[in-house]
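One structure is given here, and the rest of the page talks about it.
Atoms within a ligand are numbered from 1 in the order they appear, just like the ligands themselves.
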Amino acid sequence: MASTPETLRLDTAPTAAILPLRTRVLRPHFPADQLAHFEGDDLPHTHHFAAWAGDEVVAVLSLFLIPMPDTTQDAWQLRGMAVAPEVQSQGVGTRLLEHALIRQALVDPTITLVWCNARERAVPFYERHGFTIVSPIFEIEGVGPHYRMARAMPALLA
Ligand SMILES: CC(C)(COP(=O)(O)OP(=O)(O)OC[C@H]1O[C@@H](n2cnc3c(N)ncnc32)[C@H](O)[C@@H]1OP(=O)(O)O)[C@@H](O)C(=O)NCCC(=O)NCCS
């Protein structure tokens with residue numbers, strides 16, 4: 001049973017821990033025995049993060065080392081951002097995103113950009129977290145309309 005955001009534990013997570021919630025929230029049409037794997041999920045420089053309420057994963061996101069399209073600079077692509085419907089709009093996604101970006105900035109401070117393909121409905125969430133739209137609207141087949149969005153990684157004090 002999901003609990004309030006105050007009791008959350010935020011940490012990195014193995015791929016297997018994040019896939020069920022990613023699938024349930026972002027690919028609800030998948031058959032019950034199929035999980036939403038993304039290419040690169042198990043690469044060593046891919047980092048998955050989760051929010052746990054007790055033993056239950058209630059939010060997930062993943063950061064893939066992939067330059068933004070039409071650029072060559074190393075960057076983190078944020079993918080699979082998903083919060084369990086029972087705890088959406090309670091600040092869980094905000095806390096997980098901020099935690100992950102700060103942790104990731106420590107992992108490699110030379111990477112200064114994070115970008116994502118944002119579902120149209122999630123654009124206000126990303127804007128609140130400093131992302132701006134950097135593309136025209138485009139369709140991802142089977143998922144719907146998206147905008148590419150990007151922001152600088154958190155700057156850490158030396
Ligand atoms: C988008 C999402 C990750 C935000 O996490 P969250 O914990 O609900 O967000 P927070 O509570 O930190 O921030 C609240 C804001 O998130 C956005 N939001 C909330 N529920 C949402 C939903 N079902 N879909 C899209 N955005 C949503 C709204 O902008 C909301 O602001 P409001 O409460 O003023 O309306 C989460 O709602 C979610 O998993 N949505 C469904 C899947 C999705 O759209 N993922 C993004 C793929 S690009």
So, regarding [X] and ligand 1 (criterion: nitrogen or oxygen to nitrogen or oxygen, under 3.5 Å), is there a contact or not?
X: V83; result: yes
X: M81; result: yes
X: V87; result: no
X: P124; result: no

Ignoring hydrogens and angles, tell me if any N or O in the side chain of R151 forms a donor-acceptor pair with the backbone of H129 under 3.5 Å. yes
Can a donor-acceptor pair be found, under 3.5 Å and without considering hydrogens, that links the side chain of Q88 to the backbone of V83?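 At least one qualifying donor-acceptor pair exists.
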List ligand 1 atoms under 4.0 Å from [X], heavy atoms only on the residue side.
X: L26; answer: 42 (C), 43 (C), 45 (N)
X: A82; answer: 39 (O)
X: V25; answer: 39 (O), 41 (C), 42 (C)
X: G91; answer: 10 (P), 11 (O), 12 (O)

Could you work out, for [atom], the closest of [options] by heavy-atom distance?
atom: atom 1 (C) of ligand 1; options: G93, A122, G144; result: A122
atom: atom 37 (O) of ligand 1; options: Q90, Q88, E98; result: Q88
atom: atom 44 (O) of ligand 1; options: R22, E127, R119; result: R119
atom: atom 31 (O) of ligand 1; options: H146, M149, R128; result: R128
atom: atom 13 (O) of ligand 1; options: F125, Y147, Y126; result: F125

No-hydrogen, no-angle side-chain donor-acceptor test under 3.5 Å, H99 and R95: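 Checked: H99/R95 side chains show no N/O donor-acceptor pair below 3.5 Å.
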To which protein heavy atom is [atom] closest, and what is the distance rounded to 0.1 Å?
atom: atom 25 (C) of ligand 1; value: R121 O, 3.7 Å
atom: atom 19 (C) of ligand 1; value: S89 OG, 3.1 Å
atom: atom 12 (O) of ligand 1; value: T94 OG1, 2.5 Å

Measure across [X] and [Y] and return the closest heavy-atom pair with its distance rounded to 0.1 Å.
X: S62; Y: R22; result: OG-NH2, 3.2 Å
X: L10; Y: A51; result: CD2-CB, 3.5 Å
X: R24; Y: A84; result: NH2-CB, 3.7 Å

Any L101 side-chain heavy atom under 4.5 Å of W76 side chain: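 The answer is no, as the side chains (C-beta and beyond) never meet within the 4.5 Å cut-off.
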Would you indicate whether the side-chain heavy atoms of Y126 and L78 approach each other to under 4.5 Å?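 They are in contact (side-chain heavy atoms under 4.5 Å apart), so the answer is yes.
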Yes or no on side-chain contact (heavy atoms from CB on, under 4.5 Å) for C116 and F131, after CA distance, side-chain angles and deciding distance? CA-CA 9 Å; C116 65; F131 287 79; 4.2 Å; yes
Can you confirm whether some protein heavy atom lies under 4.0 Å from atom 27 (C) of ligand 1, or whether none does? no
ILVMFWY cluster membership beyond I18 - transitive side-chain contacts under 4.5 angstrom: L19, L21, V25, L26, L35, W52, V57, V60
Mind checking who shares a hydrophobic cluster with I140, ILVMFWY linked at side-chain heavy-atom distances under 4.5 Å?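 F138, V143, which link up through side-chain heavy atoms under 4.5 Å apart, make up the rest of the cluster.
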Please determine whether any non-hydrogen atom of R95 lies less than 4.0 Å from an atom of ligand 1. no
